[in-house]
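Given the structure is predicted, the values throughout are model-derived calculations rather than measurements.
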Amino acid sequence: MKKISSYIFFMLVGIGTIAAQVDRSSYPEPGPAPEINIGDPVTFTLPNGLNVFVVENHKLPRVTYSLVLDRDPILEGDKAGITTLVGEMMMGGTASRSKDELDEAIDRIGSQVSVSATSASASSLKKYNDQLLELFTDVLFNPAFPQSELDKLKKQFISSLTAAKDDPNSIAGVVRNAVMYGKDHPYGETETAETVARIQVEDIKSYYNTYFKPNIAYLAIVGDITVDEAKALANRHFAGWQQGTVPHHEWPLPKTAAENNVVLVNRPASAQSVIHVGYPFVLKPNDPDVIATNVVSRVLGGGSSGRLFLNLREDKGYTYGAYGGITPGKLIATLDASASVRNAVTDSAVHEFVYELQRLGQRTITQAELDLAKAALAGSFARSLEQPATIARFAINTELQELPKDYYKNYLKNLDALTLEQTNAAAAKYVHGSGLQITVVGKTDDFADKLKEWGTVRFYTVTGDPVNGDAGNGTPKTE
């Protein structure tokens with residue numbers, strides 16, 4: 001008994017000694033960021049110009065097909081809304097199947113098929129791969145474009161646009177873009193009930209016949225499939241797709257504004273103001289600064305730890321949430337910061353937005369903020385890898401955006417290696433508190449005069465048109 005007691009005693013002393021040597025007052029130092037084993041896609045090009053990427057992943061018996069069309073932005077003019085309807089019209093039935101028959105066939109094998117004006121995707125269990133591809137290519141190559149479907153979709157579209165005219169957030173987005181880019185730019189034109197009503201079946205067919213071409217298409221095949229199987233399927237189902245000449249469009253790049261522009265939309269019944277503060281600029285997705293600007297975005301307005309949230313909600317109590325960030329773009333990048341606040345504090349909220357942008361551009365990011373942003377971005381990236389569509393997107397983005405071949409494999413390493421100096425340099429380069437477009441939708445009588453200190457005030461309608469007679473200081477007409 002004494003021997004057992006002595007053994008227990010010395011064992012407890014040993015455990016206590018080990019525990020005493022562990023410092024629990026701080027988190028352990030993180031290990032080095034790993035290289036992500038995504039898998040290198042095998043690429044090949046069909047004679048019709050279709051670029052195909054194959055990523056084998058045999059963990060689950062599923063196969064996903066993701067198709068992207070690489071076309072320039074287009075201006076739809078007095079029939080704005082065509083591109084919104086194209087995908088749904090293609091899913092409205094084929095030459096051999098009605099919409100109901102198509103939907104039933106897709107549901108029968110538990111698959112998913114979707115189409116938009118610039119993309120399409122399909123996914124199913126491996127055992128249904130042949131049936132899936134037969135349905136997918138039927139949608140892609142044999143759409144019927146029934147008039148009855150267009151009539152129904154237009155009615156729904158117009159109804160949603162009518163509802164959006166009463167939604168301050170929708171109004172703010174429409175007006176922000178219309179004023180920032182101009183209505184003669186693809187990013188600034190506005191869909192209205194009138195433009196949608198003008199759309200005819202022939203307009204949908206014309207878009208389809210012009211832009212659905214294999215020579216501007218990228219197809220990613222991801223999942224439980226071998227390269228040889230993928231090549232055989234691609235040749236069997238996609239080689240007959242006829243290539244064609246696709247028009248090229250060029251659009252003006254954004255210019256730095258000389259002064260702030262205050263854009264107001266009057267909604268007398270609004271109890272809150274929707275605020276957007278930002279500007280366009282040039283930052284392409286393959287720019288070496290993009291990872292640093294991702295971190296800057298996170299520090300500025302990426303969730304509850306962002307400066308905007310901590311300032312406008314936690315400190316000032318102006319809003320339930322304030323967010324913002326930088327979005328790179330192949331043509332145009334944007335910085336946008338936004339929140340919905342009480343009318344009475346609209347001018348104060350704008351002041352805080354400008355203050356945070358100015359402060360961020362003055363190299364004020366701390367090591368703690370950098371570490372927190374890195375951790376959040378790394379976690380988000382890791383979680384995204386659980387979805388097959390993410391792997392497909394990575395494969396296509398690498399080609400479309402002209403990224404380094406190992407961009408995604410080394411993303412975590414490059415994020416981890418980012419220094420505080422590099423991050424603050426990116427903030428100073430891309431973030432500033434002048435040349436802003438300040439868009440506000442709300443009861444302008446409560447704050448219009450107070451916003452004059454931030455720039456010339458102009459009033460606009462809910463569709464982004466200047467209010468008649470407004471010269472920057474006049475009284476707006478009620479919408």
*Decide yes or no on side chain to side chain contact (heavy atoms under 4.5 Å, CB included) for Arg298 and Leu370, but give the supporting numbers first.*
CA-CA 9 Å; Arg298 188 77 195 182; Leu370 174 60; over 6 Å; no
*Would Asp70 and Lys330 count as a salt bridge (charged side-chain N to carboxylate O under 4.0 Å, His left out) if you check the C-alpha gap in whole Å, the side-chain angles of each, and the deciding distance to 0.1 Å?*
CA-CA 11 Å; Asp70 183 24; Lys330 200 170 183 179; 3.7 Å; yes
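- A donor atom on one side chain and an acceptor atom on the other are not found under 3.5 Å apart for Thr334 and Asp336.
- In this structure, a donor-acceptor pair under 3.5 Å is absent between the side chains of Ser124 and Ser111.
- The minimum heavy-atom distance linking Asn343 with Ser273 is given by the pair OD1-OG, 2.8 Å.
- Remark: Leu67 CG to Ile396 CD1 distance equals 7.0 Å, nearest 0.5 Å.
- Ser380 places no side-chain N or O within 3.5 Å of a backbone atom of Ala376 that could act as its donor or acceptor partner.
- Between the side chains of Asp289 and Tyr430, at least one donor N or O sits under 3.5 Å from an acceptor N or O.
- The environment of Lys127 atom NZ is sparse: at most 12 non-hydrogen atoms of other residues, nucleotides or ligands sit within 6.0 angstrom.
- Using bins of under 30°, 30° to 60° and over 60° for the plane-to-plane angle, the ring pair Tyr355/His351 lands in the parallel bin.
- Ion pairing of Lys413 with Asp406 is absent here, as no side-chain N (NZ or NE/NH1/NH2) approaches a carboxylate O to less than 4.0 Å.
- Of all heavy-atom pairs between Gln358 and Gln362, the closest is O-CG, 3.1 Å.
- If you check the side chains of Ser123 and Arg62, you find a donor sitting under 3.5 Å from an acceptor.
- Of the possible donor and acceptor atoms, one in the side chain of Glu189 sits under 3.5 Å from a partner among the backbone N and O of Gly77.
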All N/O donor-acceptor pairs, side-chain side in residues 300-317, below 3.5 Å, sequence neighbours left out:
residue	atom	partner	partner atom	Å
Arg307	NE	Glu369	OE2	2.9
Arg307	NH1	Thr364	OG1	2.9
Arg307	NH2	Thr364	O	2.9
Arg307	NH2	Thr364	OG1	3.3
Arg307	NH2	Glu369	OE1	2.9
Asn311	OD1	Lys316	NZ	3.2
Asn311	ND2	Glu352	OE1	2.9
Asn311	ND2	Glu356	OE2	2.7
Arg313	NH1	Tyr320	O	2.8

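- Remark: Leu418 CG to Thr423 OG1 distance equals 3.5 Å, nearest 0.5 Å.
- Summarising the geometry, atom CD belonging to Gln112 is positioned 10.0 Å from atom CG belonging to Leu132; distances are rounded to the nearest 0.5 Å.
- Under the 3.5 Å distance criterion, with hydrogens and angles disregarded, no donor-acceptor pair is assigned to the side chains of Asn410 and Asn414.
- Enclosure of atom CD in Glu250 is not indicated, since only 12 or fewer non-hydrogen atoms of other residues, nucleotides or ligands lie within 6.0 angstrom.
- Within the 4.5 Å cutoff, no side-chain heavy atoms of Lys213 are placed close to those of Asn48.
- Ring pair Tyr211/Tyr207 is tilted by interplanar angle, where 30° to 60° counts as tilted.
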*Please walk me through it: do Lys452 and Val262 pass side chain to side chain contact (heavy atoms under 4.5 Å, CB included)?*
CA-CA 8 Å; Lys452 289 179 180 178; Val262 181; over 6 Å; no
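- Aromatic ring pairs are classed by plane angle as parallel below 30°, tilted from 30° to 60° and perpendicular above 60°; the pair Phe136 and Tyr65 is tilted.
- Counted by atom type alone, Thr463 and Thr461 present one or more donor-acceptor pairs between their side chains at under 3.5 Å.
- A side-chain donor-acceptor contact under 3.5 Å links Thr390 to the backbone of Ser384.
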Under 3.5 Å, side-chain donor or acceptor atoms of residues 161-169 against the rest of the protein: list the pairs with distances, not counting sequence neighbours.
residue	atom	partner	partner atom	Å
Thr162	OG1	Ile158	O	2.9
Asp167	OD1	Asn169	N	3.2
Asp167	OD2	Ser170	OG	2.9

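- Residues Tyr411 and Asn294 form a side-chain contact, since some pair of their non-hydrogen atoms from C-beta on lies under 4.5 Å apart.
- Pro41 and Phe53 make their closest contact through CB-CB, 4.2 Å (heavy atoms, listed as atom of the first residue, atom of the second, distance).
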*Val296 and Leu360: CA distance, side-chain angles, deciding distance, side chain to side chain contact (heavy atoms under 4.5 Å, CB included) verdict*: CA-CA 8 Å; Val296 172; Leu360 190 61; 3.7 Å; yes
*When you look at Thr195 and Glu76, which way does the side chain to side chain donor-acceptor pair (under 3.5 Å) test go after all the steps?*
CA-CA 9 Å; Thr195 65; Glu76 299 175 68; over 6 Å; no
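- The two residues Pro73 and His249 come nearest to each other via the heavy atoms O-CB, 3.7 Å.
- In this structure, Ser116 contributes its side chain and Ser119 its backbone to a donor-acceptor pair below 3.5 Å.
- The aromatic rings of Tyr181 and Tyr187 lie perpendicular to each other, with more than 60° between the two planes, well past the 30° mark.
- Counting heavy atoms from C-beta outward, Thr346 and Asp446 have side chains that stay 4.5 Å or more apart.
- The two atoms that bring Leu75 and Pro186 nearest to each other are CD1-N, 3.8 Å, heavy atoms only.
- Between Pro252 and His185, some side-chain heavy-atom pair lies under the 4.5 Å cut-off.
- Looking at Lys374, its side chain does come within 3.5 Å of a backbone N or O of Asp416 through a donor-acceptor pair.
- Between the side chain of Asn260 and the main chain of Leu436, a donor-acceptor pair closer than 3.5 Å is present.
- Residue Asn57 holds its CG atom at 8.5 Å from CG of Asp224, rounded to the nearest 0.5 Å.
- Residues Leu412 and Phe381 are in side-chain contact: their nearest non-hydrogen atoms beyond the backbone lie under 4.5 Å apart.
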*Go through Ile326 and Phe281 one step at a time and tell me if the side chain to side chain contact (heavy atoms under 4.5 Å, CB included) criterion holds.*
CA-CA 10 Å; Ile326 295 169; Phe281 60 104; 3.6 Å; yes
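- You'll find the side chain of Val263 stays beyond 4.5 Å of the side chain of Val440, heavy atoms only.
- Considering only heavy atoms from C-beta on, Val139 comes within 4.5 Å of Leu102 through its side chain.
- To the nearest 0.5 angstrom, Phe447 atom CZ is 5.5 Å from Thr444 atom OG1.
- With 3.5 Å as the limit, one finds a donor-acceptor pair spanning the side chains of Gln437 and Thr439.
- For the 3.5 Å distance criterion, the side chains of Thr319 and Ser340 fail to qualify, holding no donor opposite an acceptor.
- At a threshold of 4.5 Å between non-hydrogen side-chain atoms, the residues Val277 and Ile275 count as touching.
- Taking all atoms of both residues into account, the shortest heavy-atom contact from Gln401 to Pro285 is OE1-CG, 3.3 Å.
- The existence of a salt bridge linking Lys126 and Glu229 is confirmed by a sub-4.0 Å separation between a basic side-chain nitrogen and an acidic carboxylate oxygen.
- Atoms CD and OG1, from Glu399 and Thr43 in turn, are 7.5 Å apart once rounded to the nearest 0.5 Å.
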